[in-house]
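In what follows, a single structure is set out as structure tokens and then discussed.
Below, read A as the first sequence line, B as the second, and so on, with proteins coming before strands; counting in each chain starts at 1.
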Amino acid sequence: MRWSKALIPTHKEDPSHAETTSHKLMLRAGLIRRLTSGVYNYLPLGWRVVRKVEAIVREEMDRIGCQELLMPVVSPAELWQETGRWDVYGKELWRVDDRNGRQFALGPTHEEVVTDIVRNEVRSYRQLPFTLYQIQTKFRDEIRPRFGVVRAREFIMKDAYSFHRDEDSLDETYKAMYDAYCRIFDRCDLSYRPVEAATGAIGGSASHEFMVLCDTGESEVIVCECGYAATDERAEGLIADIMPVEDPLPMEPVDTPGMRTIEDVSEFLGVEPWRLIKTIVYVADGEPVVALIRGDRDINEEKLAGLLGASMVEAAPPGVVERVTGAPVGFAGPIGLSGVRLMVDRSVEPLTNVVVGGNAVDIHIRNVNPGRDFITDDYCDIAMIGKDDLCRKCGKVMGSFRGIEVSQVFKLGTKYSDSMKATFLNENGKAMPFVMGCYGLGVSRTVAAIIEQHSDEYGIKWPMSVAPFEVEVLAVKFRSEEVREVSERLYDDLKAAGVDVLLDDRHDSPGVKFKDADLIGIPIRVTIGERGLKSGTLEIRMRKTGEQRDLPIDGAAAEIARIVEEARA
RNA sequence: CGGGGCGUGGCGCAGCCCGGUUAGCGCGCCUGCUUUGGGAGCAGGAAGUCGGAGGUUCGAAUCCUCUCGCCCCGACCA
């Protein structure tokens, strides 16, 4: 490609509305342009990178025996209603109507569609297992798109779905996919970490996310030196017990007029928040549930939903709270409740003489003792992880880092095959639901993640494996016949050698061309100028290390092609 | 959805508070000449319904009302 003919619109100044490194550089280097909030054009340079990443993904998917296919972006509402996700997915599911008012979803993920294919086409256990994948534009109507393509409403994703006769077979593919993902991110030269993850709206029994380490990342990961790593939504920890040993005192109701929050009550009664029990009423798939946790901690709704086996858990509306507790919001407590399931976090167990809501207006109760004043069958973990929590595996204090979630894999089990009645016949002729796994990888997000980890104050430093071009031939003073001739010959020779090469043949001043070269970050820059030509040399410079040296013009193309070959992943 | 901010040639911004010639600046773009190893110089030039609608006024980029869009923080969320 010749720069003079290419659409590579670079900018000298940072765009005013971009905050993160990758967002700024993708705009400045002419990789992307915003069309509207959370929706981007991929310009030629950006698209070349996307294609390189896709190629790596395809190679690694094909290597473990996956088959590529393409499903439609648009799918009918009925399919989503079969699994209940038409309602569960919420506003993030981008819905559209056709001219007859029929409803459709723009696919955010394709479990329903792929399961529909498989239930119609696959009959026998002999055909199992297999994995289908696609690379496609996905839609999620994000509540707040941000950071350029990192959280976009329209983005490019690789999604794969595996089908099995049993859990063992799923485990095998899950492991193979996990390993393939490691190879993909290694080849993209990313520093990443797989971590245990929550399953969220996709559902299923186990899940990992691959996190690219990055301070501006949106996700928080909890890690322990023993090797434990999980997202903050998923992480389990031991909440340090700070309750001193006390003798239980008799319960005592107290007037707390208008004191509805932990903060209010804590201040009003002069007790620390951890000496209160927070009581929250939820509605889980239509059923009210009461959750208890130490007053200074928060409930993790994700964990609560998991333990209840519910697909949707949300804070109960005031009406439900009143019906369940007999009091308006702000005075709920565990004492005297009946006919409602009680979920008690482990942090409550060691508490003595604490304050709870009195289930009556303007009343709280002091000196409540779990086990004596209310009973639970079992203490569970429904706590949002906290800063000083200890590792459950080794007991040490855990740390955290921030990251960009570039992919997530799930063991779905039969969640979708059950609700969509997707079955195969086993050896005994019995209809069994497919056991499924699904495996997403954000391609466009991966591109941004690579930039986050590979840039400096001057611009991007592409790894060879994903660079839009492998070599840039920078002709200083392209008007000079000698320079032009050598540049053109090198350009042709490199192309002939199968190297992706960009020739900067613009009639601009050297400064402009050097700055642009640094900005777009092609791994190898070859500078051809009158200065070097006098001694029969050209200069080769590595963007990543800054290392540079002169090469004799004769044989330069072969030498450069060799270096490129060596650096390809 | 709550809070904050911003919409002025392609990009980055000034002007607005305190209304008053043809709305400016830097970069970019076009033409010509010179220049060519780290964002060149000179000369000439094109390009803006000041986000949109309504209002106040003799007069609105500027004041008022409504509206649309964009960004940030939060809530939320594979």
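- Toward the 5' end of RNA chain B, the nearer of the two residues A:His11 and A:Ala18, judged by each one's closest nucleotide, is A:His11.
- Remark: B:rC11 base-pairs with B:rG26; criterion is Watson-Crick or G-U wobble with both hydrogen-bond distances under 3.5 Å.
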Practice item. Show your working on side-chain hydrogen bond (donor to acceptor under 3.5 Å, both in side chains) between A:Thr131 and A:Tyr161 and close with a plain yes or no. Key: CA-CA 5 Å; A:Thr131 303; A:Tyr161 307 89; over 6 Å; no

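- When the nucleotides B:rA75, B:rG38, B:rG39 are ranked by their closest atom to the side chain of A:Pro510, B:rG38 comes out on top.
- Put simply, the side chain of A:Arg525 and the base of B:rG38 share a donor and an acceptor less than 3.5 Å apart.
- Aromatic ring pairs are classed by plane angle as parallel below 30°, tilted from 30° to 60° and perpendicular above 60°; the pair A:His23 and A:Tyr40 is perpendicular.
- Of the nucleotides present, none pairs with B:rG19 by Watson-Crick or G-U wobble criteria with both distances under 3.5 Å.
- Using C1' as the reference atom, B:rC16 and B:rU62 are 4 Å apart when rounded to the nearest Å.
- Nucleotides B:rG4 and B:rC42 have their P atoms positioned 47 Å apart, rounded to a whole Å.
- Side-chain proximity of A:Ser37 to B:rC77, B:rC70, B:rC27: nearest is B:rC70.
- Look at the P atom in both B:rC68 and B:rG48: the space between them is 28 Å, to the nearest Å.
- With hydrogens and angles ignored, no donor-acceptor pair under 3.5 angstrom links the side chain of A:Asp508 to the base of B:rG39.
- Separating the P atom of B:rC33 from that of B:rG69 is a span of 49 Å, rounded to the nearest Å.
- The gap from the C1' atom of B:rU22 to that of B:rG59 amounts to 16 Å, rounded to the nearest Å.
- From A:Glu233, atom CD reaches atom CG of A:Asn300 across 7.5 Å, with rounding to the nearest 0.5 Å.
- Distances shorter than 4.0 Å separate none of the side-chain N or O atoms of A:Thr527 from OP1 or OP2 on B:rG37.
- The P atoms of B:rC58 and B:rG2 are separated by 39 Å, rounded to the nearest whole Å.
- When all heavy atoms of A:Thr137 and A:Val73 are compared, the pair lying nearest together is O-CG2, 3.9 Å.
- One finds a side-chain N or O of A:Ser16 lying less than 4.0 angstrom from the OP1 or OP2 phosphate oxygen of B:rC13.
- Base pairing analysis places B:rC6 opposite B:rG69; the two distances defining the Watson-Crick or G-U wobble pair are each below 3.5 Å.
- For the residue pair A:Ala176 and A:Ile64, the shortest heavy atom distance occurs at O-CD1, 4.0 Å.
- As the counterpart of B:rA40, B:rU34 is assigned, both hydrogen-bonding distances of the Watson-Crick or G-U wobble pattern falling under 3.5 Å.
- Taking SG of A:Cys438 as the reference point, atom CD of A:Glu111 lies at 4.5 Å (rounded to 0.5 Å).
- Counting only heavy atoms from C-beta on, A:Arg479 has its side chain closest to B:rU36 among B:rG39, B:rU36, B:rG12.
- Across all strands shown, B:rU57 forms no Watson-Crick or G-U wobble pair with both key distances under 3.5 Å.
- Put simply, the side chain of A:Glu530 and the base of B:rG37 share no donor and acceptor less than 3.5 Å apart.
- Residue A:Arg144 places at least one side-chain N or O under 4.0 Å from the OP1 or OP2 atom of B:rC72.
- In the set B:rG39, B:rC76, B:rC77, B:rC76 carries the atom at the smallest distance from any side-chain atom of A:Ile143.
- Taking atom P on both B:rC50 and B:rG55, the two are 16 Å apart, rounded to the nearest angstrom.
- Remark: B:rU49 base-pairs with no nucleotide; criterion is Watson-Crick or G-U wobble with both hydrogen-bond distances under 3.5 Å.
- The aromatic rings of A:Trp80 and A:Tyr89 sit perpendicular, their planes meeting at an angle over 60°, well past the 30° parallel limit.
- Residue A:Ser509 places none of its side-chain N or O atoms closer than 4.0 Å to OP1 or OP2 of B:rG38.
- Distance from the side chain of A:Arg146 is smallest to B:rC76 among B:rC76, B:rG39, B:rC11.
- With P as the reference atom, B:rA23 and B:rA61 are 9 Å apart, rounded to whole Å.
- The CD-P distance, from A:Glu142 to B:rC71, rounds to 13 Å in whole Å.
- Listed nucleotides: B:rU36, B:rG39, B:rC77. Nearest to the side chain of A:Arg151: B:rC77.
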